2 protein chains.
Amino acid sequence: MPAPAEPEPAGRRRQIAEAVWRIAAERGLQMATVREIAAEAGVSPRVVQYHFTDKHHLLLYALQTLQKENERHGRQRIAALGHDPRVLLRATLEELLPLDDQRRMSLRVMTAYYARSLTDPALAAVFLHEGSPLEDLVAALISAAGLRPSIDAGREADLLVGGVSGLGLDLLHRRRTRADVLRTIDYHLNRILSSG
Amino acid sequence: MPAPAEPEPAGRRRQIAEAVWRIAAERGLQMATVREIAAEAGVSPRVVQYHFTDKHHLLLYALQTLQKENERHGRQRIAALGHDPRVLLRATLEELLPLDDQRRMSLRVMTAYYARSLTDPALAAVFLHEGSPLEDLVAALISAAGLRPSIDAGREADLLVGGVSGLGLDLLHRRRTRADVLRTIDYHLNRILSSG
DNA sequence: CCTCTCAAGATACGAACGTATCAATGACAC
DNA sequence: GTGTCATTGATACGTTCGTATCTTGAGAGG
């Protein structure tokens with residue numbers, strides 16, 4: 001019984017990380033114990049122990065993997081929309097919202113990790129990239145889409161990224177409706193960009 | 001030894017709640033065990049057990065008390081500034097930022113609770129007031145301060161509240177400087193309001 | 001056929017968790 | 001004095017935690 005039916009030791013870590021995501025999203029990060037993770041992944045606790053040196057490395061790996069996954073999915077969705085800067089800008093902002101089950105789960109997990117990152121430097125490092133790539137991207141898209149006079153693309157991007165993230169969290173709590181959030185985003189894009 | 005040296009059973013709950021705040025802010029909510037809370041509060045674990053029916057009620061009480069405390073402090077600070085709507089608006093937004101140790105601790109604690117509220121209805125209820133009082137207040141202040149043509153106070157308030165909160169979280173992570181955040185807020189207030 | 005190595009099962013250990021139990025203390029009414 | 005009641009000390013119970021240990025199975029190389 002204790003032998004590998006599949007010759008793939010590579011997908012095991014991924015499989016376990018996905019179990020962490022589901023538990024963190026549905027029951028919270030504090031419920032992600034080794035035994036619960038193993039049960040959710042459909043493996044024995046020993047398998048979790050074998051593939052990660054300790055729980056801290058496991059949680060870190062799950063966060064890093066989810067972040068890469070999000071970025072990959074986001075780029076795919078956005079790249080399929082062409083090259084119109086205004087369309088890309090809108091899509092980039094909407095990527096921050098929990099508009100489907102995948103992004104809803106991801107945002108819940110990331111929120112749990114973010115809170116823990118305030119007291120865990122290893123997790124904090126994942127959230128602290130060099131510079132502000134997302135804000136820079138949004139600012140560049142604003143400039144490329146053409147902005148109205150006396151608009152500062154950088155300052156607009158700074159508030160937009162934080163603001164849309166906040167609206168996304170409100171969506172998680174059902175404190176706002178999706179339609180209202182999208183209307184707020186449209187208002188501000190119309191306000192910032194020149195051509196209607 | 002096991003007797004009350006002070007005849008004040010009223011402040012005990014408060015004293016214990018403050019211990020929760022310090023632990024949650026400095027080490028995270030998952031470190032707020034009954035024994036740690038008791039040690040931080042300078043009492044025996046039995047005292048914690050006696051004044052709260054269980055840990056869930058304790059954590060809920062600590063959250064509710066901190067929220068009231070924040071609102072009280074915020075109102076005090078803002079009320080001391082007079083009645084100029086523009087000044088009040090700026091102060092209301094800055095109240096969301098971790099500009100001193102008190103607010104820095106509070107924001108860290110609230111962030112930890114917020115994450116947990118995603119999987120805990122009792123905690124979520126604390127964050128879900130009726131309507132959106134903060135957004136409504138900001139919108140009212142924008143209108144009172146006088147807004148430029150074709151500005152929607154409600155939509156501006158929606159993005160401002162979320163955006164400034166996001167900037168505050170960036171401050172916690174030292175991802176932005178305080179001066180940069182304040183400059184971003186100034187930019188948007190100048191953009192929204194009519195008179196320079 | 002043998003052996004070496006990777007992967008996993010089975011189990012256990014010490015620590016820490018939330019909570020329960022029982023006794024003891026001090027303040028106070030009478 | 002002497003009960004009474006609110007509060008606290010001291011201790012223990014059962015559970016769950018992360019992790020360590022030992023063993024077993026499968027496939028590859030010689």
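Here is how names work: the chains are called A, B, and so on, in the same order as the sequence lines, proteins then strands, and each is numbered from 1. Only a predicted model underlies this, so the values are computations on that prediction, with no experimental measurement involved.
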Atom CD1 of B:I16 to atom C1' of D:dT8: distance rounded to whole Å? 11 Å
Charged N to carboxylate O below 4.0 Å: is that the case for B:R22 and B:E36? no
Do A:S194 and A:R148 have a side chain donor and acceptor closer than 3.5 Å? no
In whole angstrom, give the distance that lies between atom OH of B:Y50 and atom C1' of D:dA10. 17 Å
Distance check needed: C:dA8 C1' versus A:Q15 CD, whole Å only. 13 Å
Do B:T119 and A:R27 have side-chain atoms, one donor and one acceptor, less than 3.5 Å apart? no
Are OP1 or OP2 of C:dA8 and a side-chain N or O of A:S44 less than 4.0 angstrom apart? no
Side chains of A:D180 and B:R155 in contact at under 4.5 Å (non-hydrogen atoms): yes
I need the NE2-C1' distance between B:H51 and D:dG9, as an integer number of Å. 13 Å
Once ring-ring contact (aromatic ring centres under 6.0 Å, His included) is applied, what residue pairs with a partner in residues 87-114 of chain B remain, sequence neighbours excluded? A:H173-B:Y114, B:Y114-B:F127
Taking protein heavy atoms under 4.0 Å as touching, what does nucleotides 16-22 of chain C look like 5' to 3' if B marks base contact, S marks sugar-phosphate-only contact and - marks none? -BBBBBB
Donor-acceptor pair, B:H83 side chain versus B:L88 backbone, under 3.5 Å? no
Spacing between B:R13 atom CZ and D:dA6 atom P, to the nearest angstrom: 15 Å
